[in-house]
Amino acid sequence: MYHLSIQSAQSIKQAQQSQQERNFQPGEVVTGKITKFFPDNKALLQIGAKQVIAQLQASLTAGNTYWFEVKEGGERPLLQVLPQPGGKQADVSQLIELAGIKPNKTNISLLEGLLKQQTAFTMPQLKQALNLLQQKEVQPVEVRKESLQLMLQRQLPLTENVLQAITARQTQDMTASLHELKHTIAVGSDKAAPLQQMLGKLAPAGPAVQEQQLVQQIVQEAKAGKQDIFLAIRPSFPASVPSFAAWQDEWLAYDNELVVSKSSAPQQVTQESGSSSNKPTAALPFSQVLERFMSDIQLVGKQAPAIQESLQTTLKTAQQLLGMFPDRTLPADITSSLRTALESFRSIPMAQDVYSQLAKGNADNGQLLAKSTELVHLLQVAQTNEQSKDGDFFKNLMQDILRQTGFSYERELNDTDLADLPLKGLLMQQAAQGNETAELSFQLLQQITGSQLLQIQDDKQMAYIQLQLPGAPFGFDKDILMEMEGRKEADGQLSSEHCRILFYLHLPFLDDMVVDMYVQKKAVNLHIYTNEQKAEQVMRPLQHKLKTALDTNGYHLSSVKYTVSKNTREADRMDTNFHAAHVEQKGVDFRI
């Protein structure tokens, strides 16, 4: 997947900022052309697309272009002309020489990029950036150049550590790093156990299964006397399996204890969000068994729904034949079909058991029937779990990922329980140990730090948020990248009626995709960029469900448009003027 560089997208904020609205800051370096003189050493300057009347501190020539340093800002800034050797017209090479650096193709390109993007910088900042650019490091110089441009745009500290973090954020996939570290850490190490557990949550084998959601389903079934999940989870017990009555009693007691604890203890309220803590205080029954069962559901969820359905159908056919003819061997075509269907699920212990029983022929048809039934139960629970995922599920999942990754780790450091560190804290410990995984831990640590540095940017009227989240919990092979903008309400929050969100995704079956969601007065317009022709065919049947969900939450789905392109970067070149009307473009368009 093309790993999105927020800089390559030119940033929504940057595209909106008009030169006409730009205010010059003291110390800033600008290039301008003298167009007209006024009395008292005042002159009209053309600086990019903006004309300003400036107070000058030198004798200049009309029509010439100069480099200036802003001494005082305001509507009529005070400008001081910088030395220009030989009286030549201002060019980027001169400014690089003034910074004490020898011009070359790379640093000229860096400065030209800053000028094109209207990035404000001072001479000390330029010198720091040029020095960092010319250092010989592992990263390609072009990557360092783009990262430095972004650092200057965001006014980040111009240090090597920050540069490494931004470069890691812009060029590396967090999901891949999580999987690599997960497979490298020695299994069974007590010191690494907390990190292993956290990596298991952020880099699961399949789509995330929230423990809280599964527990709620189990409690509901226990109250109703249903056994669906109990029958599916029974094979996950390593030894003695409780009766359903014992299982039911444990969960009803757990639920009662939760009710009592919630009613007797005051709710804990977080300082920042004001939301109450909903973490269960009662001990979770069969916690280790639940953990194994969730891993199995994740492995099932890794396969496409059609593949899961095919296995279920084949298993049920085998069950019927085994029930009707318990002493006969399954027909060769059924056995062959079942083996083929099981291939994608061989990593699941229950599927392995069925596969092993098939090899015995009719020697133990009873066991084959029992194991097939267990696997069917698992597939059905996995299907129910997937269907139950709604907006609240994904909202809670995203909140969990943000907390578990440690995006607010430094802010919450004083309140963090040392026994429950997020990934960033655990990585800092691992990197400090200097063992064989220290380098991998440090690389992932840099990616998280880079994401933190680029996460939030706001001004008086608008707020901008950029998130890079591991895609594994959502069932994706690569990261999810999101860029959000919105008008700020009086309380500083993003407006839910006027906002825009871009999702950069790599889907298992539809490959690269960019979803541009534009909300104005609660009317939602979607523009989907994909390089797969089948994307529209796959997604159109889901639009009614989306419309219904939006209607339920007070929004209206206005339009859905698809653009098929071999290069999904096309989305980066779209008009990003938030205040402009949402103009209909040529192409495939669907209106509701």
Side-chain angles (χ1 to χ4, degrees), residues 11 13-14 16-134 145 148-159 162-163 457 459-460:
S11 179
K13 178 179 181 181
Q14 182 189 342
Q16 292 187 61
Q17 285 181 327
S18 168
Q19 287 181 335
Q20 299 295 339
E21 299 173 358
R22 191 175 162 211
N23 293 318
F24 299 112
Q25 302 300 320
E28 182 181 346
V29 175
V30 297
T31 179
K33 182 179 181 180
I34 306 292
T35 60
K36 189 176 181 179
F37 285 106
F38 298 104
D40 300 325
N41 290 329
K42 293 183 176 65
L44 181 65
L45 269 72
Q46 186 75 37
I47 301 177
K50 183 174 183 177
Q51 287 189 330
V52 297
I53 296 176
Q55 182 79 40
L56 304 179
Q57 290 188 334
S59 178
L60 304 178
T61 303
N64 283 4
T65 302
Y66 299 89
W67 288 109
F68 298 95
E69 186 174 28
V70 180
K71 291 300 182 182
E72 294 179 11
E75 292 184 4
R76 292 189 178 181
L78 177 63
L79 304 180
Q80 180 178 352
V81 67
L82 294 176
Q84 301 194 189
K88 297 179 182 179
Q89 293 282 341
D91 62 24
V92 293
S93 297
Q94 290 178 1
L95 193 60
I96 292 172
E97 288 177 350
L98 287 174
I101 308 293
K102 185 177 180 180
N104 58 39
K105 184 178 179 180
T106 303
N107 54 33
I108 287 174
S109 175
L110 169 67
L111 185 49
E112 287 177 342
L114 294 175
L115 296 174
K116 183 179 180 181
Q117 295 160 9
Q118 304 175 56
T119 302
F121 61 87
T122 65
M123 281 300 291
Q125 287 176 328
L126 178 62
K127 186 172 183 178
Q128 285 177 293
L130 293 172
N131 283 326
L132 285 171
L133 182 62
Q134 67 184 3
K145 184 192 79 174
L148 284 165
Q149 287 175 339
L150 184 54
M151 289 164 64
L152 284 162
Q153 285 175 16
R154 292 299 202 87
Q155 293 295 301
L156 296 173
L158 292 165
T159 66
V162 173
L163 177 57
Q457 184 180 13
D459 52 36
K460 293 181 180 179

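Here the structure is a predicted model, which is why all the values come from computation and not from measurement. For the single chain, residues carry numbers from 1 onward in sequence order.
- The salt bridge (Lys or Arg N to Asp or Glu O under 4.0 Å) contacts involving residues 51-73 comprise Glu69-Lys71, where partners must be two or more places apart or lie in separate chains.
- Partner of Leu148 under the side-chain contact (heavy atoms from CB on, under 4.5 Å) criterion, out of Leu130, Leu110, Leu114: Leu110 alone.
- Under the rule for a side-chain hydrogen bond (donor to acceptor under 3.5 Å, both in side chains), Asn41 has no partner lying at least two apart in sequence or in another chain.
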_Asn104 and Lys102: CA distance, side-chain angles, deciding distance, side chain to side chain contact (heavy atoms under 4.5 Å, CB included) verdict_ = CA-CA 7 Å; Asn104 58 39; Lys102 185 177 180 180; over 6 Å; no
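- Summarising the geometry of Val81 relative to Phe68, their closest heavy-atom pair is CA-CD2, 3.8 Å, with the distance given to 0.1 Å.
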*Report the C-alpha separation of Val92 and Thr31 in whole Å, then their side-chain angles, then the decisive distance to 0.1 Å, and conclude whether the side chain to side chain contact (heavy atoms under 4.5 Å, CB included) test is met.*
CA-CA 10 Å; Val92 293; Thr31 179; over 6 Å; no
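- Residue Gln149 holds its CD atom at 11.0 Å from CZ of Phe121, rounded to the nearest 0.5 Å.
- Taking OG1 of Thr35 as the reference point, atom CG of Leu44 lies at 3.5 Å (rounded to 0.5 Å).
- Checking side-chain atoms of Trp67 against main-chain N and O of Asp91 turns up a donor-acceptor pair under 3.5 Å.
- When all heavy atoms of Leu45 and Ala54 are compared, the pair lying nearest together is CD1-CB, 4.3 Å.
- Partner of Phe24 under the side-chain contact (heavy atoms from CB on, under 4.5 Å) criterion, out of Leu78, Val29, Leu79, Ile47: Ile47 alone.
- Here the side chains of Gln134 and Thr106 are not in contact, with every heavy-atom distance at 4.5 Å or above.
- The heavy-atom pair separating Gln153 from Gln457 by the smallest distance is O-NE2, 4.5 Å.
- Side chains of Asn64 and Ile34 form no contact here, defined as non-hydrogen atoms less than 4.5 Å apart.
- What you find for Lys145 and Ser109 is that their closest heavy atoms are NZ-OG, 2.7 Å.
- Closest non-hydrogen pair, Val162 versus Leu156, comes out as CG1-CB, 4.3 Å.
- In this structure, Gln155 contributes its side chain and Leu152 its backbone to a donor-acceptor pair below 3.5 Å.
- By the 6.0 Å contact criterion, NZ on Lys36 is open, its count of non-hydrogen atoms from other residues, nucleotides or ligands being 12 or less.
- Closest approach of Ser93 to Ile108, counting heavy atoms only: OG-CD1, 3.6 Å.
- In this structure, Leu158 and Met151 have side chains that are in contact, with non-hydrogen atoms separated by less than 4.5 Å.
- Looking at residues two or more places apart in sequence or on another chain, you find no salt bridge (Lys or Arg N to Asp or Glu O under 4.0 Å) involving Lys33.
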